[in-house]
Amino acid sequence: MELASKYSPAQVEGKWYQYWMDNRLFSSKPDGREPYTVVIPPPNVTGVLHMGHVLNETIQDILVRRARMEGKNACWVPGTDHASIATEAKVIKRLAEKGIKKSDLTREEFLRHAWDWTDEHGGIILKQLRQLGCSCDWDRTAFTMDEERSKSVIKVFCDLYDKGLIYRGLRMVNWDPERQTALSDEEVIYHDEHSHLFYLRYYVDEPAGSTDGEEPDAQVLSATEPFDPTVKHQIIHRDAQGRRYAVVATTRPETIMGDIAVCINPKDPKNTWLRGKRVIVPLVNRVVPIIEDRYVEIEFGTGCLKVTPAHDVNDYALGQKYNLEAIDIFNPDATLSEAAGLYVGMDRFDCRKQIVKDLDAAALMEKVEDYDNKVGYSERTNVPIEPRLSLQWFIRMQHFADIALPPVMNDDIRFYPTKYKNTYRMWLENIKDWCISRQLWWGHRIPAYFLPNQENVPDAERQYVVAETIDKAVEKARLIKGYETVTADQLTQDEGALDTWFSSWLWPISLFDGINNPGNDEIRYYYPTSDLVTGPDIIFFWVARMIMAGYEYLGDMPFRNVYFTGIVRDKLGRKMSKSLGNSPDPLDLIDKYGADGVRMGMMLSAPAGNDILFDESLCEQGRNFNNKIWNCFRLVKGWTVDEKAAPSEAAATAMRWFDAKLKQTAALVDDHFSKYRISDALMAVYNLFWDEFSAWYLEMIKPAYGCAIDRQTYDTTLRYFDYLLRLLHPFMPFITEELWQNIEERKAGESIMFQPVSVIGSETDDNLIRDFETVKEVISNIRAIRLQKGVAQKEELVLEIVGGNAVVAPYQAVITKMANLSDINTVSEKSQGAASFMVGTTEYAVPLGNLMDVEAELKKLNDELTYAEGSLRIVMNKLNNANFVARAPEAVVAAERKKQADAESRIASLKAAIAALQG
RNA sequence: GGGCGAAUAGCGCAGUUGGUUCAGAGCGUCUGCCUUACAAGCAGAAGGUCGGGGGUUCGAAUCCCUCUUCGCCCACCA
């Protein structure tokens, strides 16, 4: 076959992917082999491929392909996630562009639009994965909202409800006012923010001039005086009219309409005078009590806390404790509600600005300080979260934490890198209930059905039944007293949908239908899955919860190993983002460097757990490597074979050596894979191919120009090539398939994908490898002399070995060929005018006649002498230390003695050489 | 505020049980080469008192303490 000098991925990759598909080579069915299962972390159904996916999916594909070549039944299950809140947002945005508001649509109409959008954009990302070379079993492609998965979700909800692990309740939740839904704690991202601390006056409800409760040492401050929060006596604020007031510090003055009390710490000496009093909420003029609770920090602000139970988590707790009313002053979109009484209809942040002005004008603002605090934002819509009292569905998590913590802590499930075990433990030991309901339509609708005729019952007390279907709901409802004859159309299903992660946590089970059809052949064969590859950012969202569901529903782990990837950043260390424009389109990269090149570029810099700084030049390196492989193949396939010739001595030596080297590296690669050191494994194969095979082995066996190669060397070389391709295949599937198919005629449907990766015996000859390193060093030294003296490559040289060397002796043919020598002589003294060098304790020399530069040679020898004397000194320091000789292990001392002998012998040779030159 | 992790060559990193093999490979840089597979290449070379300080030890990149800097996660001081 005629091969171009440059490898062209575009002509190769599509062809082989099609071949793999046509022959159904990714397909997996349970059989007698050991299973190797991976479930893909389902990307958002309407998403497109980004660099993070490239990293993640490449790692998975490498692991899957490797397992397949190890003879396991590899099954990689692909699929997508309905991504409830993100997708609903996209659909709403698209509808808005057409002038349609969500509120104008019925649920059914909206869902039709959502499904249209999903059908249109869904699966684009899966197609892109094919271009990357991912060997997923596409027949198994699943969607978190397809029928099988949806049924699983509903079934699990009902089951957990029946077990008492799901409850409905009025709780303070994280409210996203943009999407108008509750969120789980994990969906809130906290940002540092520069804001203000506002000090507000709450006048005491009493006549001007009152002194009730004041002690003799009280410090009376006028409005303008600063106060010290750490003082140990009363501080009383009094205005010009003699009216006393409390000062309350808050970051959110717009919530004063919801104030229902002011709280002080009973141990706070500053504020004891406020005990039992009532104060007037500024502007609102509501009279509220002073309550006391040790929750209040004495030294924060003034030690007075305004209590707004409806809009702050802690205030809510106080409200519960002291049985205070909660006034919800916000609408679901975070505008001020009727209940606020003031500023009704205004946005919360506009209201803050306005109320600050109004407080100032009314002389109710004591002062304003700069203040840094943390504000929670919605992960999806990026608007500030509003803590909101709302009726939601929750999962009791303590039970799940109890079953999910031990298997990770005792390494039944292994985390790579292990540092994430700590993160995992922290979360589980401080677990809080999981809010699973969302006020969204795109998702699995909560299977709770409310009984009729409850219009006058408060929401929280309405009766309902939970059931997988409406029919079962009716059955259940009829068991309730007074509803014996209820019908389906009288029941009202809960409007909410479930958190997306409530379906994701079942993924490793639901993909094999293990929920609907427990104990089926597939779930029994493929579960637990083998490796999960994902980012540490979803360790709580997903990894932990899958472990919980796994033990709850199958009594076993969902996966044996978790490989946490890093975050892909640009080469300056910045997160990749659309707004920065620093995120390359993976498909452009594939066009430019080939999928194999991009995969390699990604893996060259991706140690587990570390962030990876992605640089396009790494793809270039990947592409260059592909080209190298291609050209090696071109070289070998270009040789003509002489059927009668026997291998040359150099070739015979080369084969023995490479055989050993190949085995050694294969073992190293095995070891790296067993530890999930994938970059290291790739680097080992890269060095093997480029340095050992191309630069050394091929050069050693290469026939002279115009000559043929003997049959045995040729066949052996192709066998090595075949094996090297197998080692490379998991990393770069396309080029390896292309070349493997061209090594010899292959049967239809045959593929490198299934060639065993461990065909060569495990015996390696370490002595041979070590000796050959010495030989390489000799050759390099001769080459360096050539370069220094400007001796052309084609000019033959003579090598002298002073005193001979037993290690190097068997390799004379190789040295002669690689260094282009005419002769190798063992001499007792080197020739006049020879450039010399030392390898180990042996001196070598290359006679150069008049090319010899005596000065330069002397300098080189003297430098070496200085170095050798230095090492001898260090060794002697150790050996002269009685403690060292007495306490260090025998072997270590012996090693030092050998070093001493070597150094002494080397010094002697160097001195002799110098003397000879000077003589 | 609590926790976890990191700091090694110009860059991004490896270094497992303290000792031969420990101070490493890759990229980049420098020098010389279009040598009959590959310039997306070949040959050769230079680069680091392992963040600072202390300690343990015969011996420390490695173990301990401390400081500095950076990163990440968690947490209700309004």
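We name chains A, B, ... by the order of the sequence lines, and we start the count at 1 in each one. Remember, it's a predicted structure, so these values are computed and weren't measured experimentally.
Each of B/rC4, B/rG15, B/rG44 was ranked by its minimum atom distance to the side chain of A/Asn422; first place goes to B/rC4. Closest to the side chain of A/Arg783, from the set B/rC27, B/rG44, B/rC73, is B/rG44. Which of B/rC38, B/rG19, B/rG5 sits closest to the side chain of A/Pro889 comes down to B/rG19. Here the nucleotide nearest the side chain of A/Asn687, chosen from B/rG26, B/rG44, B/rG19, is B/rG26. Among B/rG2, B/rU20, B/rG19, the nucleotide with an atom closest to any side-chain atom of A/Val892 is B/rG19. Of the candidates B/rG44, B/rU16, B/rC27, the closest approach to any side-chain atom of A/Tyr686 belongs to B/rC27. Of the candidates B/rA14, B/rA40, B/rG12, the closest approach to any side-chain atom of A/Leu613 belongs to B/rG12. For A/Leu787, the side-chain atoms get nearest to B/rG32 when compared with the rest of B/rA75, B/rA40, B/rG32. For A/Trp690, the side-chain atoms get nearest to B/rC42 when compared with the rest of B/rG26, B/rC42, B/rG12. For A/Ser5, whose side chain is taken as the heavy atoms from C-beta onward, the closest listed nucleotide among B/rC38, B/rG26, B/rA40 is B/rC38.
For A/Ser780 and B/rG44, the shortest distance from a side-chain N or O to OP1 or OP2 is below 4.0 Å. Under 4.0 angstrom from either OP1 or OP2 of B/rC72 there lies no side-chain N or O belonging to A/Tyr420. Within the structure, a side-chain polar atom (N or O) of A/Lys6 is placed less than 4.0 Å from OP1 or OP2 of B/rA39. Dashed line: the shortest gap from a side-chain N or O of A/Asn373 to OP1 or OP2 of B/rC77 is not under 4.0 Å. Here A/Lys432 reaches the OP1 or OP2 of B/rC76: one of its side-chain N or O atoms lies under 4.0 Å away.
Within the shown strands, nothing qualifies as a pairing partner of B/rU36 under the Watson-Crick or G-U definition with both distances less than 3.5 Å. B/rA7: Watson-Crick or G-U partner is B/rU68, with both key distances under 3.5 Å. The pairing partner recorded for B/rA14 is none, the criterion being a Watson-Crick or G-U wobble arrangement whose two distances lie under 3.5 angstrom. The base-pairing partner of B/rA43, taking Watson-Crick or G-U wobble contacts with both distances under 3.5 Å, is B/rU31. For B/rG1, the paired base is B/rC74 (Watson-Crick or G-U wobble, both distances below 3.5 Å). Within the shown strands, nothing qualifies as a pairing partner of B/rU21 under the Watson-Crick or G-U definition with both distances less than 3.5 Å. B/rG59: no Watson-Crick or G-U partner with both key distances under 3.5 Å is found in any strand.
You'll find the ring centres of A/Phe693 and A/Tyr720 outside the 6.0 Å limit. Aromatic pair A/Phe415/A/Tyr420: centroids not less than 6.0 angstrom apart. Between A/Phe689 and A/Tyr697, the distance from one ring center to the other does not fall under 6.0 angstrom.
Contact annotation: the side chain of A/Val562 never approaches that of A/Arg414 to less than 4.5 Å [non-hydrogen atoms, C-beta and beyond]. Proximity of A/Phe614 to A/Leu55: side-chain heavy atoms (C-beta onward) are nowhere separated by under 4.5 Å. Between A/Asn781 and A/Tyr844 the shortest side-chain heavy-atom distance does not fall below 4.5 Å. Side-chain contact between A/Tyr593 and A/Asn626 is absent, with no heavy atoms from C-beta onward closer than 4.5 Å.
At the heavy-atom level, A/Lys898 lies nowhere under 4.0 Å from the strands shown. Counting any heavy atom pair closer than 4.0 Å across all strands shown, A/Val296 reaches a base atom. At the heavy-atom level, A/Phe540 lies under 4.0 Å from the strands shown only through sugar-phosphate atoms. Residue contacts shown for A/Tyr371 are limited to sugar-phosphate atoms, with no base heavy atom under 4.0 Å away. Residue A/Arg623 is classed as a base contact, given a heavy-atom separation below 4.0 Å to a base. At a threshold of 4.0 angstrom between heavy atoms, the contacts of A/Ala695 are confined to the sugar-phosphate backbone, with no base atom among them. Residue contacts shown for A/Lys794 are absent, as no nucleic acid heavy atom lies under 4.0 Å away. Contact annotation for A/Arg252: no contact, since no heavy-atom pair falls under 4.0 Å across all strands.
Remark: the separation of the P atoms in B/rA25 and B/rG44 is 14 Å, to the nearest Å. Between B/rU31 and B/rG55, the two P atoms lie 46 Å apart (nearest whole Å). For the C1' atoms, the distance linking B/rU16 with B/rG53 amounts to 28 Å, nearest Å. Distance check on atom P: B/rG59 versus B/rC72 gives 40 Å, rounded to whole Å. Comparing B/rA46 with B/rG2, their C1' atoms are spaced 48 Å from each other, to the whole Å. Taking atom C1' on both nucleotides, B/rC70 is separated from B/rU8 by 16 Å, rounded to a whole Å. Comparing the C1' positions of B/rU69 and B/rC76 gives a spacing of 30 Å, expressed to the nearest Å. Atom C1' of B/rG52 sits at a distance of 15 Å from the matching atom of B/rA61, rounded to the whole Å.
One can find a donor-acceptor pair under 3.5 Å joining the base of B/rA37 and the side-chain atoms of A/Glu699.
Of the two residues near RNA chain B, A/Thr302 and A/Lys899, the one whose nearest nucleotide lies more 5' is A/Lys899. Of the two residues contacting RNA chain B, namely A/Tyr705 and A/Ala249, the nearest-nucleotide position lying further toward the 5' end is that of A/Tyr705.
Separating the NZ atom of A/Lys374 from the P atom of B/rC73 is a distance of 10 Å, rounded to the nearest angstrom. Across the protein-nucleic acid pair, A/Ile189 atom CD1 and B/rC74 atom C1' stand 13 Å apart, rounded to whole Å. Following rounding to the nearest Å, A/Glu777 (CD) and B/rU21 (C1') show an atom-to-atom distance of 14 Å. The CZ atom of A/Phe884 sits 10 Å away from the P atom of B/rU20 (whole-angstrom rounding). At whole-Å resolution of the value, CG in A/Asp293 and C1' in B/rA78 are 13 Å apart. Distance A/Lys878 NZ to B/rC22 C1': 11 Å, rounded to the nearest Å. Rounded to whole angstrom, the span from the NZ atom of A/Lys628 across to the P atom of B/rC42 amounts to 4 Å. Rounded to an integer number of Å, the gap from A/Ile539 CD1 to B/rC74 C1' is 12 Å.
In this structure, B/rG48 is classed as anti because its glycosidic torsion departs from zero by more than 90°.
Checked by atom type, the side-chain pair A/Ser617/A/Glu620 shows no donor-acceptor distance below 3.5 Å.
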Start with the C-alpha gap between A/Glu777 and A/Ser780, add the side-chain angles, then the distance that decides, and say whether side-chain hydrogen bond (donor to acceptor under 3.5 Å, both in side chains) holds.
CA-CA 5 Å; A/Glu777 212 178 317; A/Ser780 291; over 6 Å; no

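Salt bridge present: A/Lys899 and A/Glu896 bring a charged side-chain N and a carboxylate O closer than 4.0 Å.
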